Amino acid sequence: MKINITVNNTLFIHEFSNTGTTLLSYLRDVLRLMGTKNGCNEGHCGACSVIVDGKSVLACKTLLRDLDGSKVTTIEALSDKDRVHAIQYAFAKAGAIQCGFCTPGFIMSVKALLDRDTSPDEAEVKKALAKNVCRCTGYLKILDAVRMAGELLSQGKVWIPRAGIFPDRQAGIGEPVIRIDSIAKATGETVFADDLVLGNMLYAKAVRSARPHAEILGVDISSAEKSAGVARVLVARDIPGENRYGPIKKDQPVLSDDRVRYTGDAIAAVSAETEAEAEAAAAKVVVRYRDLPVLVGYDEADRPDALKLHGGDDNTIAVMESGRGDVEKGFAASSLVVEGDYSTQYIEHAYLEPESCVAAVDQEGCLTVYVASQGPPMDIDEISHVVGLPPGRIRIVGMAMGGGFGGKEDISVQIIASLGALATGRPVKYTFTRRESIRTSGKRHATRLLYKTGVDADGHLMAVQARVQARGGAYASVEEAVILRSCSFGAGPYTIPAADLKARAVYQNHAPACAMRGFGNPVVTFAAETSMNRIADELGIDPIELRLRNALETGKPTLTGDRPATSVGIKDCLLAVREALKGYKPPEPAEGWVSGIGIACSYKNVGLGIGMDDSGGASGELLGDGTLLLRVGSVDMGQGSDSTMAQILSARLGWPFSRIRVHSADTRLDPRSGMTTASRQTFISGNAVLKLADAMKRVISAFLEIGRAHV
Ligand code: FES
């Protein structure tokens, strides 16, 4: 079949045989226009939105065969090396860009709208953007950006010069500045791992378990090996190192050999010339299973006769506890004791960018993995262990990350791509489909929370007891650390004379539980604060007043016995909230809905603590053109850490923000700064940047002194 298609004002005559080819595949795989993103390939996320004949369409649901004579505009057409479109500028300026994976799609949908009308009302904007999903921003800034773009366009300001977008002066701490990565994200220039194409590259696909719990009786790869385009099919026996990985306990097989414990387990991995060929070959792998009982409920894994998922005496992953004082005495002295039996569900991170990486081996046999990972140095440890290369021969190059939320702390695609690259000597790309991402990746754990809270007649907390049961999944991941945080923070930011918290996580036959925003804290906060609200109701005390009476103060012990030396801030925060709520009326609810105001308090660690390595680093290089190249180990997953680091450097050194470039998360070129987790990088890497700024100030001053002496 042959079509004439105009893409970004260039006419292409394209011949193809597969009538199911989508516009998305044509743009990315044939024209290599990578600004159009592949988020789900199923028409659910809008990351692939482009304009066809004046209308925004989803490129993944648009068939190429229907586009003969059509005009297609992609994000690449909206900017050049000197200027950007007003919509791109407005998205950057309004703070509507975080990870940026959704951004090109949003901008194309907005362009189609504003090309028709530069002053749409909010309902029209929402309708035009109904197919575009953003996981990071909460949409309000996007609405601001659309308004700003409409105003610029109605003033005839279609093009904005790139020069002058970033402030050519020192950026102060706390001053809102345009994010350093925002223009590249708005123009589609930012390279995510799946946008990377290396010469002679293969594509990987894994064969995943068809059973939630089963013995593997046999794996037949003979017909997969003969399938078209296949370079290699790997099974467990091909793994050179130890076939186990995991951030705390190495209990997860890369390729399952004897048993599968959830439907995300990989059993074989195919590397082939194209993604379609890899998928076709993977479908030909035959696995014979013997089904085993499936453990999924709260109590099943604890039954005496329950199978042990990893041997041992029971299915416990970890037990954690914390406490102080005598709770029984506390309850006996209480005027009111409230008990609650709460539960929370699994939550999928749903980052817009599915997991992806490219692994390549160089002539010296060193392995480089291009991947968006929250912990590049930790990835090296995990990969090294399995592929049998020493850590010094493995490099992680951090790519832009389309959202992480804790879910990209764990290994996903990296080891299978690395094994493929080492086995074939060719670069291997492995990108999850959206379905594979949801099927395999860790989740926020589901919990059952039994809470007992006692207070005196004035609402002062006397005792809190909590029992947290966490459904940990088939492998341990970081669940042990997650429930540790539940125990540390599970009674709220209050002064409590007696507390007794215990949390236990168990193995079960489903996706592992891993880090997710708040790391074990949100679930316990939900339970503890629901109990506080019930106490406020029963005693007839205003919920804010009840919390003010109990709020932790500077120097007073927390649940774990720490005494915060600096301001805790919870009282100030509550007073500010109370003030702000004076005269506030909740928005009118839609028919059949009610609206109201809720209050909940929580606190959280900044940094790892508990004696773990919490170090970070920064280095700087002054380039010949006056640009200051800042290198940090922190990972920008959309939270803005690159911008934060640049701002800290600019503020301390007095260097123009526009003349700072940030390079981060490359384990060979950038300092090591551990995992980007626990809200630690602004504090840890940020302090390293402060020290760097002071050192650079001294070096630059000395250099200028020498220069002056020579003059
Ligand atoms: Fe929209 Fe991340 S900025 S998904």
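Start at 1 and go down the list; that is how both ligands and their atoms are numbered. This structure is a prediction, so every number in the text was calculated from the model and none was measured.
Between R135 and E353, no side-chain nitrogen of the basic residue sits less than 4.0 Å from a carboxylate oxygen of the acidic one, so the salt-bridge criterion is not met. Contact check on E42 versus R435 returns a salt bridge, with a Lys/Arg side-chain nitrogen under 4.0 Å from an Asp/Glu carboxylate oxygen. Taking a cutoff of 4.0 Å between a charged side-chain nitrogen and a carboxylate oxygen, D195 and R28 qualify as a salt bridge.
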Identify every side-chain donor-acceptor pair in residues 54-62 under 3.5 Å, counting partners at least two apart or on other chains, and give the distances.
{"unit_1": "S56", "atom_1": "OG", "unit_2": "S109", "atom_2": "OG", "d": "2.9"}
{"unit_1": "T62", "atom_1": "OG1", "unit_2": "L58", "atom_2": "O", "d": "2.7"}

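The set of protein atoms (N, O or S) found at less than 2.8 Å from atom 1 (Fe) of ligand 1 reads C102 SG, C134 SG, by chain and number.
Scored by the ring pair (Phe, Tyr, Trp, His ring centres under 6.0 Å) test, F526 finds Y342 as partners (sequence neighbours excluded).
Counting only residues at least two apart or in different chains, ring-ring contact (aromatic ring centres under 6.0 Å, His included) contacts with residues 105-136 are absent.
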